[in-house]
Amino acid sequence: MPRDIPPLAEVRRITEKKRDAWWTVMLVDPVATPLVRWTARHTRATPNQLTWGAFLVGLGSAACFAQGDWRWLLLGAVLYHVSFIFDCMDGKLARLTGTGSVFGAWLDFVFDRIRVLVCSVALMGGQYARTDDVLYLWLALAVASLDSLRYIDSLEIFKIRHGMRKQIKARMRAARKAENQAELAFMEDLLRENPEADLETDRDTVAPLEPVAPLEATAADTAPLEAAAADTAPLEATSAQRRRPAVVDLHQEFRRRFPWWVRCRNFLLRHRIRAHLISGIEFQMGVFIIGPAVDAVVATTVVSGVLLLVFELAIIYKLLLSTRDFTRTINSFETPDRVPVATSVNS
């Protein structure tokens, strides 16, 4: 008996992330989302079973890579993409059916890292056996190292950003308790939840991060932010001015220095594509799909690795600028009756 699963449009809304890697948005979701709906409707498969399926297909891809011949490489590339589709389906199925688990998230992460390691050794080992070129052994080490670096770096950056937000929220709670100040929201969250609220970054639309009083803005100016932050916390103050949340922008210096990138980011977000264009996903696809498919393993691996490093360095630089915004925000709480807020977001 088929389970009662909503229509495909609703399944997309539930299962697809508000922003994701361009490879996933363009080449995986159009296949994975209908498959998830069919799987949830007609089978009793669990997210963990799909995780295991993705892992086993990934091992099959590695077995093909180890053969070294181009026809095997092409088959391995196809299997790797199928493995990645299954890998995306497990999270979608968990969100659709509410059957996700903490252990499942751990299993998914660990299997991903093992798959990359095994496929790296198989792909480069197969090419080394075919050509006797030691360069492939160095490439295997480079691929495994870059994949580990990417995820270790992302974890540490997440921890630092979480720590900064935690400190700011603690200061804001203390100020609100003492002076009944406004609630707190972060500009990054508001723009992520409401990408149509296109933030302009010239000096006429974004105020400096130095502490300023709560805004005297029009309803048209503040509507996008208020809609995006409506469920952040209950609002206790009675005045219209105090009901408006204080917005802290920890990326204001980055926006000022690179306004063109902000416009590109907003365009990408409106199409569900995250601004981090070359992440671990695109790196893997370059190495394990594009390279083997076009029989240019060395070139695509080198290009993918360089692009990954460029974007990782850009993220680190953005974090550096964000820590400066954080320091100014923390210092602003030393000024009485002031909270750090941003000006309007134009929709």
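Keep in mind the model is a prediction, meaning the values are calculated, not measured.
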Can you tell me how far the [atom1] atom of [X] sits from the [atom2] atom of [Y], to the nearest 0.5 Å?
X      : Y      : atom1 : atom2 : value
Leu96  : Ile5   : CG    : CD1   : 5.0 Å
Ile289 : Ser83  : CD1   : OG    : 9.0 Å
Asp133 : Trp138 : CG    : CH2   : 13.0 Å
Asp147 : Leu117 : CG    : CG    : 9.0 Å
Arg150 : Leu155 : CZ    : CG    : 10.5 Å
Ser154 : Lys159 : OG    : NZ    : 11.5 Å

Side-chain contact, heavy-atom cut-off 4.5 Å: [X] with [Y]?
X      : Y      : value
Lys17  : Arg95  : yes
Ser120 : Val116 : yes
Arg161 : Leu319 : yes
His251 : Arg256 : no
Phe311 : Ser279 : no
Val287 : Thr300 : no
Thr33  : Glu16  : yes
Thr323 : Leu250 : no

Might you point out which heavy atoms bring [X] and [Y] nearest each other, and give the distance in Å?
X      : Y      : answer
Pro34  : Asp29  : CD-O, 3.8 Å
Ser61  : Cys119 : OG-SG, 4.4 Å
Ala54  : Phe86  : CB-CB, 3.6 Å
Pro7   : Arg37  : C-NE, 3.6 Å
Gly280 : Leu308 : N-CD1, 4.1 Å
Ile281 : Ala21  : CD1-CB, 3.9 Å

Would you check if the side chain of [X] reaches a backbone N or O of [Y] as a donor-acceptor pair within less than 3.5 Å?
X      : Y      : result
Trp22  : Leu277 : yes
Gln49  : Thr46  : yes
Asp108 : Thr51  : no
His271 : Phe267 : yes
Thr97  : Leu93  : yes
Ser145 : Ala142 : no
Asn331 : Thr327 : yes
Asp325 : Gln252 : yes

Open item on the list: For Trp72, I'd like to know if atom CH2 has over 12 heavy atoms of other residues, nucleotides or ligands within 6.0 Å.
Closed with: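 For Trp72, atom CH2 is not crowded (no more than 12 foreign heavy atoms under 6.0 Å).
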
Task: Identified ring-ring contact (aromatic ring centres under 6.0 Å, His included) counterpart of Phe288 within the set Tyr80, Phe84, Trp23, Phe283 - done: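 When ring-ring contact (aromatic ring centres under 6.0 Å, His included) is applied between Phe288 and each of Tyr80, Phe84, Trp23, Phe283, only Tyr80 qualifies.
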
- [ ] Evaluate the side-chain contact (heavy atoms from CB on, under 4.5 Å) criterion for residues Val262 and Asn266: first the C-alpha distance (whole Å), next the side-chain angles of each, then the deciding distance (0.1 Å), finally the verdict.
- [x] CA-CA 6 Å; Val262 175; Asn266 292 335; 3.8 Å; yes

Open item on the list: For Trp106 and Phe109: C-alpha separation, side-chain torsions, deciding distance, then whether ring pair (Phe, Tyr, Trp, His ring centres under 6.0 Å) applies.
Closed with: CA-CA 5 Å; Trp106 174 86; Phe109 179 82; 9.1 Å; no

- [ ] Identify whether the distance between the nearest side-chain nitrogen and carboxylate oxygen of Asp112 and Arg115 falls below 4.0 Å.
- [x]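 Salt bridge: yes.
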
Open item on the list: Between Glu10 and Arg13, does any NZ, NE, NH1 or NH2 come within less than 4.0 Å of an OD or OE carboxylate oxygen?
Closed with: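 Here Arg13 pairs with Glu10 in a salt bridge, since their nearest N and O are under 4.0 Å apart.
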
Report yes or no: do [X] and [Y] belong to one cluster of Ile/Leu/Val/Met/Phe/Trp/Tyr joined by side chain heavy-atom distances under 4.5 Å?
X      : Y      : value
Ile290 : Ile85  : yes
Phe111 : Val82  : no
Leu141 : Val118 : no
Phe326 : Ile316 : no
Ile315 : Ile152 : no

Answer with yes or no whether the side chains of [Y] and [X] bring together a donor and an acceptor at under 3.5 Å.
X      : Y      : result
Glu282 : Ser304 : no
Gln127 : Arg130 : yes
Gln167 : Arg171 : no

TODO: Evaluate the criterion side-chain contact (heavy atoms from CB on, under 4.5 Å) for residue pair Ile330 and Met164; output intermediate values, then yes/no.
DONE: CA-CA 9 Å; Ile330 290 294; Met164 292 192 296; over 6 Å; no

TODO: Go through Leu79 and Cys64 one step at a time and tell me if the side-chain contact (heavy atoms from CB on, under 4.5 Å) criterion holds.
DONE: CA-CA 9 Å; Leu79 288 179; Cys64 295; 3.8 Å; yes

Task: Ring-face cation of Arg113 near Tyr151 (centre distance under 6.0 Å, axis angle within 45°) - done: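 Geometry flag: set, cation within 6.0 Å and 45°.
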
TODO: Dump the intermediate steps for ring pair (Phe, Tyr, Trp, His ring centres under 6.0 Å) on Tyr136 and Tyr128, then the final yes or no.
DONE: CA-CA 6 Å; Tyr136 288 103; Tyr128 173 73; 8.1 Å; no

- [ ] If the plane angle is over 60° it's perpendicular, under 30° parallel, otherwise tilted; pick one for Phe258 and Phe254.
- [x]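 Aromatic pair Phe258/Phe254 classed tilted.
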
Open item on the list: Assess the residue pair Gln284 and Val143 against the criterion (side-chain contact (heavy atoms from CB on, under 4.5 Å)); give the C-alpha distance rounded to whole Å, side-chain angles, the decisive distance to 0.1 Å, and a yes or no.
Closed with: CA-CA 9 Å; Gln284 291 179 41; Val143 170; over 6 Å; no

